[in-house]
Amino acid sequence: MDPHTYLEHSLSVLNTRLSARSRSNPVGPSGELHPFITISRETGAGATTLGQQLVLRLNEGTGDDGQSWVFLDRDLLTQALLHHRLPARLAPHLPEDQIAETKALIGELVGLHPSLWQLEQKVSEAILQLAHVGRIIFAGRAANLVTRTLPAGLHLRLIAPLETRIARLADTLRCDRASAFMEIEKSDLARRRYVRSHFDRDIDDPHLYDLVINTERISPGATTRLVVAALHERLARLQAHPPVDAAAPAA
């Protein structure tokens with residue numbers, strides 16, 4: 001399945017699931033679990049590879065498309081905007097970095113879009129609502145912090161040595177090592193600033209995650225099996241000891 005077809009299929013699954021949820025309790029009936037996974041990552045640590053393999057593994061034996069798992073990576077922001085009926089062209093105003101605040105402020109002043117705070121609020125609300133729907137793998141946008149009070153979420157942090165990540169990114173982007181290094185520095189700094197400025201947290205704090213995985217030391221296949229096992233264990237514990245309440249945090 002090519003990327004375009006996969007995205008169309010994923011959006012179709014989400015729309016079906018969201019439509020069904022809108023006709024019932026938005027957070028689901030009492031006791032019903034809606035599992036989801038969030039992936040925070042260092043640039044080049046393999047989040048896309050893991051997300052795609054997790055979808056394949058978790059969808060094994062799932063015949064109903066309405067129950068399929070969906071991986072939202074680069075298209076997460078666009079999906080969040082569309083969910084709130086905001087045009088996808090607003091996505092460039094919401095990178096994972098506060099450096100864009102000046103550009104966003106100019107757009108707000110001339111009436112191009114709502115304030116940066118309002119846009120971030122809507123993105124967080126969309127992530128939270130999608131997490132309530134369940135069976136979604138989020139990558140980025142501090143989804144682990146947005147959904148931190150929902151009990152059925154499993155939160156991952158992927159890391160790898162810098163040299164390994166440079167080699168991977170140079171191969172993916174078909175560029176030289178110097179360019180790959182600059183892209184890693186830029187992206188990692190942007191994500192660190194985003195989490196600090198919007199949540200006042202350190203993205204490298206291991207206490208924010210259930211699993212921190214070094215993808216140089218553990219293969220994608222082994223990582224996939226580890227995550228699936230951890231998720232199943234989490235759900236089994238919740239079924240045995242249901243949480244009293246899982247109130248959603250303010251975005």
Side-chain angles (χ1 to χ4, degrees), residues 33-62 68-74 76 96 124 127-128 130-165 167-169 172 184 187-188 190-192 194-196 198-243 246 248-249:
L33 295 177
H34 304 287
F36 64 93
I37 297 170
T38 70
I39 303 176
S40 172
R41 75 287 195 205
E42 292 181 329
T43 304
T48 299
T49 299
L50 176 61
Q52 293 171 345
Q53 292 203 9
L54 282 171
V55 165
L56 292 175
R57 184 67 178 267
L58 291 168
N59 281 340
E60 288 180 355
T62 301
S68 298
W69 280 76
V70 174
F71 176 47
L72 296 179
D73 186 4
R74 291 189 181 93
L76 170 59
E96 289 178 312
S124 293
I127 291 172
L128 193 58
L130 290 169
H132 275 300
V133 171
R135 295 186 178 87
I136 296 177
I137 302 169
F138 301 97
R141 301 305 300 183
N144 61 307
L145 296 172
V146 174
T147 62
R148 61 190 177 277
T149 64
L150 301 183
L154 186 71
H155 306 297
L156 315 177
R157 173 73 172 164
L158 302 184
I159 63 172
L162 179 58
E163 284 300 316
T164 299
R165 295 189 287 127
R168 288 174 179 172
L169 200 61
T172 299
I184 287 173
S187 298
D188 284 350
R191 290 165 183 163
R192 189 168 290 109
Y194 178 82
V195 171
R196 177 61 68 187
H198 292 284
F199 298 92
D200 195 26
R201 298 294 185 93
D202 178 2
I203 196 172
D204 295 311
D205 181 358
H207 298 92
L208 300 179
Y209 312 101
D210 299 308
L211 288 171
V212 179
I213 301 172
N214 184 338
T215 60
E216 182 195 48
R217 305 292 296 273
I218 303 179
S219 70
T223 300
T224 300
R225 292 190 294 273
L226 174 63
V227 172
V228 170
L231 180 64
H232 287 168
E233 195 272 342
R234 167 69 56 81
L235 297 178
R237 287 175 57 190
L238 289 173
Q239 289 170 344
H241 306 284

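Predicted, not measured: the structure shown is a model, and the values here were computed from it. Reckoned from all heavy atoms, side chains included, excluding hydrogens, waters and symmetry mates.
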Looking at R234, I want to see if its CZ is surrounded by more than 12 non-hydrogen atoms of other residues, nucleotides or ligands under 6.0 Å. yes
Nearest heavy-atom contact between A142 and V195 is CB-CG2, 4.2 Å
Just checking, any donor-acceptor pair under 3.5 angstrom between side chains of T215 and R168? yes
Heavy atoms of L231 and F36 approach each other most closely as CD1-O, 4.4 Å
CD1 of I213 to CG of L226, rounded to nearest 0.5 Å, is 5.0 Å
Side chain to side chain donor-acceptor pair (under 3.5 Å) filter on E163, not counting sequence neighbours, yields R177
| Can you tell if the side chain of R41 reaches within under 4.5 Å of the side chain of L156, non-hydrogen atoms only? | no
Heavy atoms of V228 and L58 approach each other most closely as CG2-CD2, 4.0 Å
Closest non-hydrogen atoms of L158 and A47, given as atom of the first, atom of the second and distance, are CD1-CA, 3.6 Å
One should read off an interatomic distance between L33 CG and L150 CG, to the nearest 0.5 angstrom, of 11.5 Å
Test side chain to side chain donor-acceptor pair (under 3.5 Å), reference H155, set N144, T38, D210, output is T38
Rounded to the nearest 0.5 angstrom, the NE2-CG distance for H34 and L235 is 11.5 Å
Residue pair R141 / L72, side-chain heavy-atom distance below 4.5 Å = no
Between R157 and L208, is the side chain to side chain contact (heavy atoms under 4.5 Å, CB included) condition met? List the steps. CA-CA 9 Å; R157 173 73 172 164; L208 300 179; over 6 Å; no
Distance col, row T149:OG1 vs L128:CG, nearest 0.5 angstrom, shows 7.0 Å
CD1 of I136 to CG of L130, rounded to nearest 0.5 Å, is 4.5 Å
Side-chain contact, heavy-atom cut-off 4.5 Å: R57 with W69? no
For a 4.5 angstrom cut-off between non-hydrogen side-chain atoms, does N214 reach P161? yes
Here the pair of heavy atoms bringing Y209 nearest to S40 is OH-OG, 3.3 Å
Residue set satisfying side chain to side chain donor-acceptor pair (under 3.5 Å) with T223, at least two apart, ordered chain then number -> none
Original post:
Is atom CZ of R196 surrounded by more than 12 heavy atoms (other residues, nucleotides or ligands) closer than 6.0 Å?
Top reply: yes
Note: E216 and A160 closest approach over all heavy atoms is N-CB, 4.3 Å
Take T224 and L50, measure what side chain to side chain contact (heavy atoms under 4.5 Å, CB included) needs, and give me the verdict at the end.
CA-CA 7 Å; T224 300; L50 176 61; 3.7 Å; yes
Distance col, row R192:CZ vs D202:CG, nearest 0.5 angstrom, shows 7.0 Å
Q.
Checking side-chain polar atoms at under 3.5 Å, does R191 have a donor or acceptor matched by the opposite partner on T43?
A. yes
What I'd like to find out is whether the side chain of L54 reaches to under 4.5 Å of the side chain of F71, using heavy atoms alone.
no
